[in-house]
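Structure, as structure tokens:
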There are 2 protein chains.
Amino acid sequence: MNINEAIDRLKNNGYKATKRRKEILGFFEEADGYRTAKDLIQHLEPAYEGISFDTIYRNLHLYNEMEILETTELNGEKHFRMNCTHHHHHHFICNQCGKTKEIEVCPMDEVQNTLANYEIEGHKFEIYGLCPGCKSA
Amino acid sequence: MNINEAIDRLKNNGYKATKRRKEILGFFEEADGYRTAKDLIQHLEPAYEGISFDTIYRNLHLYNEMEILETTELNGEKHFRMNCTHHHHHHFICNQCGKTKEIEVCPMDEVQNTLANYEIEGHKFEIYGLCPGCKSA
DNA sequence: TTACAAATCGTAATGATTACGATATTATAT
DNA sequence: ATATAATATCGTAATCATTACGATTTGTAA
């Protein structure tokens with residue numbers, strides 16, 4: 001997912017591409033990893049002084065529903081990142097900088113048959129630690 | 001982990017085994033799955049009218065630190081369950097009743113070598129859905 | 001049973017998130 | 001380009017889970 005795809009998706013669904021919405025997309029594209037609502041507010045404050053919580057959270061939820069952003073919970077705070085739209089995979093997540101690395105291994109195939117009579121609705125596999133950059137710093 | 005083990009662990013670390021602490025352990029033993037702070041408060045209210053948030057949260061954290069309870073985040077709320085002290089494993093978690101089933105598969109062995117130069121500090125693998133009981137109900 | 005440390009209570013404070021009426025902005029049709 | 005109507009944002013208050021703290025009560029060990 002990139003900014004232009006996201007804007008197209010907005011417009012195709014009757015949403016407007018406002019300055020703030022574009023700026024939010026820019027923030028996540030540049031971030032290239034997980035960020036919180038607070039991170040976003042801090043980024044927007046200089047250019048959009050007094051930006052409303054309403055704007056922040058409404059758009060984060062909108063982007064999440066439209067699968068422009070994906071979300072996960074990291075130590076009690078919701079984090080967001082640009083959605084990976086291609087194939088199914090999981091993430092290593094850096095505890096320091098929030099950047100992610102794709103993990104192709106998915107254990108679900110192996111697990112399926114141990115869950116006969118269960119209805120599987122979803123799963124989560126995440127690895128946490130330090131990326132090479134943060135490790136050496 | 002069972003109630004008696006937990007009480008021993010409390011006493012061995014200089015903590016007192018109060019009525020409320022025993023009642024909380026009883027709640028989680030009987031629950032046999034993930035429960036929230038609110039669930040616990042509702043359980044305790046009848047017998048301990050006006051029980052303090054302080055008591056609830058302080059003890060949940062204490063039990064978590066002492067590895068009497070383990071915790072996970074499920075749709076934005078912290079959930080707790082009796083800790084499984086034996087070997088490393090993961091959980092299927094029922095979205096309806098919170099009960100869990102142990103999953104022996106752990107994908108980490110397979111993943112390790114794809115993360116050279118990364119420092120791995122932890123991982124999470126959870127499967128969500130409906131247990132056989134909730135599925136047929 | 002006394003004494004004292006630890007636990008609980010009652011309640012206020014915090015922090016993230018949600019909600020809402022008033023105002024401003026965007027997209028579209030003219 | 002302009003007017004119009006729908007949508008988005010603002011400013012701020014409300015909500016919800018959780019944390020914090022002084023005053024009081026309780027558990028434990030001598």
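Each chain gets a letter, A, B and so on, in the order its sequence line appears, and its residues count up from 1.
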request  = Take atom CG of A:Asn13 and atom C1' of D:dA6, then tell me their distance rounded to the nearest Å.
outcome  = 16 Å
message = I'd like to know whether the aromatic ring centres of B:His123 and A:His90 sit less than 6.0 Å apart in this structure.
response = no
remark   = Of the listed C:dT8, C:dT18, D:dG11, the closest approach to the A:Tyr57 side chain comes from C:dT18
message = Without decimals, in angstroms, what is the distance between A:Tyr15 OH and D:dT9 C1'?
response = 16 Å
request  = Name the closest nucleotide to the B:Lys38 side chain, picking from C:dC9, D:dA17, C:dA7.
outcome  = D:dA17
task = Side chain of B:Ala37 only, please: which of C:dA7, D:dT28, D:dT18 is the nearest?
result = D:dT18
message = With a 4.0 Å limit, can you tell me whether B:His61 has a side-chain N or O closer than that to the phosphate oxygens OP1/OP2 of D:dT18?
response = no
remark   = To the nearest angstrom, the CG-P distance between B:Leu60 and C:dT8 comes to 12 Å
message = Tell me the interatomic distance from A:Glu77, atom CD, to D:dA17, atom P, rounded to whole angstroms.
response = 18 Å
ask   = What does A:Gly50 touch in the nucleic acid at a heavy-atom separation under 4.0 angstrom: a base, only the sugar-phosphate, or nothing?
value = sugar-phosphate
key: Distance, rounded to the nearest Å, where A:Glu49 contributes CD and D:dC10 contributes C1'   = 13 Å
Side chain B:Asn59, main chain B:Arg21, donor-acceptor under 3.5 Å = no
message = Minimum heavy-atom separation for B:Lys16 and B:Leu10, please, with both atom names.
response = O-CD1, 4.3 Å
key: Length of the NZ-P vector between B:Lys22 and D:dT28, whole Å   = 7 Å
request  = Tell me which of A:Phe53 and B:Ile51 sits closer to the 5' end of DNA chain C, going by the nucleotide each one is nearest to.
outcome  = B:Ile51
ask   = Which one, D:dT9, D:dT19, C:dT17, comes nearest to the side chain of B:Lys78?
value = D:dT19
request  = Give the rounded distance in Å between these two atoms: CG of B:Asn59 and P of D:dT18.
outcome  = 15 Å
Integer-rounded Å distance: C:dT8 P and B:Glu23 CD = 12 Å
query = Would you call B:Arg20 and B:Leu44 a side-chain contact if the rule is heavy atoms closer than 4.5 Å?
reply = no
query = Any ion pair linking B:Glu70 and B:Arg81 (charged N to carboxylate O, less than 4.0 Å)?
reply = yes
request  = Report yes if at least one side-chain N or O of B:Thr18 is closer than 4.0 Å to OP1 or OP2 of D:dG27; otherwise report no.
outcome  = no
message = Classify B:Arg58 by what it touches in the nucleic acid, base, sugar-phosphate, or nothing, heavy-atom distance under 4.0 Å.
response = base
key: Upstream residue (5' side of DNA chain D) when A:Ser52 and B:Lys16 are each assigned their closest nucleotide   = A:Ser52
